[in-house]
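Note sheet for the following structure.
Just so it is clear, the values below take in all heavy atoms, side chains as well, and ignore hydrogens, waters and symmetry mates.
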Amino acid sequence: MNIILNAGQYLCIALCLLLSNFLHSQMIDYQHLGLQQAVEIGLKNNKNIQISHLKQEMSVTKEKDLKMEKLPDIEFHTSYNQVTNLFQHQNGVFNKATKYDVINGMYDFTLSASIPVYLGGKIKNTEKKAAIDTEISALKTHLDERQLKMAIITAFLQIHHLKEQQSLINDKMKEDSVNIKQVKALKANGVVTVNEVLRTSLQLSNHKMSWTELDNDIQIAEHKLKTILSLPESQEMHVNTEDLISDNAAIPYVDELTETALNKNESVEITHKNLSLKELDQKITKANYLPKITAGGEYFLKYPNMMFFPPEPYAYRLGMVGVNLTYPIENLYKNKYRMQEARENIDLAKLQIEENEENVRHTVYEAYKKFEETDQKIKIAEEAINQAKENYRIVRTKYANKLSLITELIDADNTYLEAESNLISVKINRQLKYYQLQYTIGNL
């Protein structure tokens with residue numbers, strides 16, 4: 001039974017589809033965008049990732065195309081020719097020729113086919129190369145995706161760092177306001193001078209300026225993240241950094257990390273596959289020393305019958321099937337340096353594997369030591385905060401008893417603020433070093 005939809009039904013369906021897309025887009029809260037959501041959006045929208053996937057699809061297509069080389073080549077040919085009579089110069093070209101009447105119309109219809117039987121393994125090894133190229137393309141795509149994830153995580157941590165610093169400055173601004181009120185009260189009682197009121201107000205102004213700079217830096221960092229995610233300029237976006245890893249995440253020993261990296265890092269796998277490609281190139285080059293065998297045949301209809309002499313004015317059909325063998329003798333001496341180059345490429349690929357593994361081991365060791373270093377920095381920063389806090393308490397008590405100047409109190413406050421800011425930085429840096437280590441070993 002045929003179903004005919006009227007205009008109203010089409011409109012209803014269109015509205016339903018639009019509503020479905022709208023509801024799907026609403027599932028993403030761009031005002032509180034989490035890390036996992038950002039990664040999913042980036043993997044879907046980022047142009048570099050799209051290019052990588054397209055290159056991978058092209059490699060698959062090329063692999064399929066090379067498999068078609070094993071199929072027979074089939075060709076159809078037809079022609080028609082109008083032939084003049086034959087003039088034979090029996091007494092030289094400058095003397096009168098003898099005329100012979102010939103069949104003036106000639107045509108043929110030919111169907112031919114050929115298939116490679118043996119080419120020294122060239123087709124088989126070329127197919128293997130295409131399959132390895134596809135695998136390498138997939139590895140490169142995976143590496144591009146991991147690089148994008150690392151870029152997104154780095155952007156999130158940068159934003160998180162700026163927000164934490166801004167929150168710290170915000171607390172200091174509240175404290176500055178309280179201090180200004182206290183100093184003004186002391187000024188009203190004639191205990192302090194106008195200069196001290198101005199210095200506390202200047203401290204608040206400096207903190208306001210820092211807060212404004214941090215606010216702009218946050219907007220810039222979020223815009224950079226939006227660019228990485230390939231979101232439209234009109235899309236407002238703010239991030240939620242709550243789903244970042246804890247700043248006290250633990251990691252295994254460096255030997256385990258190195259082993260993981262050697263098994264999972266794409267660069268290691270790519271160098272091994274590159275060696276396989278060079279070995280296949282050597283086999284393909286070696287095939288130049290071997291004979292080539294093809295099988296083929298043709299079936300045709302021709303007119304006139306040129307198989308007899310004189311030709312007869314009849315169409316005739318004929319079919320042929322056979323095997324061809326060719327042996328390029330010149331390759332016995334031309335192929336010498338090609339084989340040498342193939343061997344040298346294999347030696348080069350082996351050295352590249354060793355060099356790459358050495359680099360991976362060092363990169364893992366460096367990333368591990370940098371991560372390990374952050375634990376010591378956090379302990380030092382926490383001790384510095386305790387010292388700065390105690391120093392600020394002592395100076396504040398002295399100032400309240402008029403035993404120190406306002407400049408000493410402001411210096412102590414700035415030292416305390418710097419210590420708190422440094423602790424925030426080293427804790428977030430620990431998170432960054434953790435993610436960088438995971439990226440290096442191939443887990444990210």
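At least one side-chain heavy atom of Leu277 sits under 4.5 Å from a side-chain heavy atom of Ile136.
In this structure, Leu417 and His207 approach most closely via the heavy-atom pair CD2-NE2, 3.5 Å. Contact record, Thr294 with Pro116: CG2-CA, 4.1 Å, taken as the closest heavy-atom pair. Smallest separation of non-hydrogen atoms from Ala151 and Ile228: O-CD1, 4.2 Å. Nearest heavy atom pair, residue Ala261 against residue Val268, reads O-CG2, 4.3 Å.
A side-chain donor from one of Gln219 and Asp215 sits under 3.5 Å from a side-chain acceptor of the other. Asp217 and Gln166 share no side-chain donor-acceptor pair at under 3.5 Å. Between Glu383 and Gln387, the side chains place no donor N or O within less than 3.5 Å of an acceptor N or O (distance only, hydrogens not considered). A side-chain donor-acceptor contact under 3.5 Å links Glu145 and His53. Lys377 and Asn422 share no donor-acceptor pair across their side chains, judged by distance under 3.5 Å alone. His161 and Gln165 are linked by a side-chain donor-acceptor pair at a separation below 3.5 angstrom, with hydrogens and angles left out of the test.
The pair Lys278-Asp347 does not count as a salt bridge, with every side-chain nitrogen at least 4.0 angstrom from each carboxylate oxygen.
A donor-acceptor contact shorter than 3.5 Å links the side chain of Asn125 to the backbone of Gly121. Checked by atom type and distance alone, the side chain of Thr78 pairs as donor or acceptor with a backbone atom of Asp108 at under 3.5 Å.
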request  = Mind running salt bridge (charged side-chain N to carboxylate O under 4.0 Å, His left out) on Arg146 and Glu266 for me, showing each step along the way?
outcome  = CA-CA 10 Å; Arg146 293 203 306 114; Glu266 293 89 353; 2.7 Å; yes

task = Using the salt bridge (charged side-chain N to carboxylate O under 4.0 Å, His left out) rule, take Lys369 and Glu366 through it: C-alpha gap first, then chi angles, then the decisive distance, then the call.
result = CA-CA 5 Å; Lys369 295 301 288 184; Glu366 182 181 10; over 6 Å; no

request  = Decide yes or no on salt bridge (charged side-chain N to carboxylate O under 4.0 Å, His left out) for Asp176 and Lys208, but give the supporting numbers first.
outcome  = CA-CA 10 Å; Asp176 289 339; Lys208 283 181 178 179; over 6 Å; no

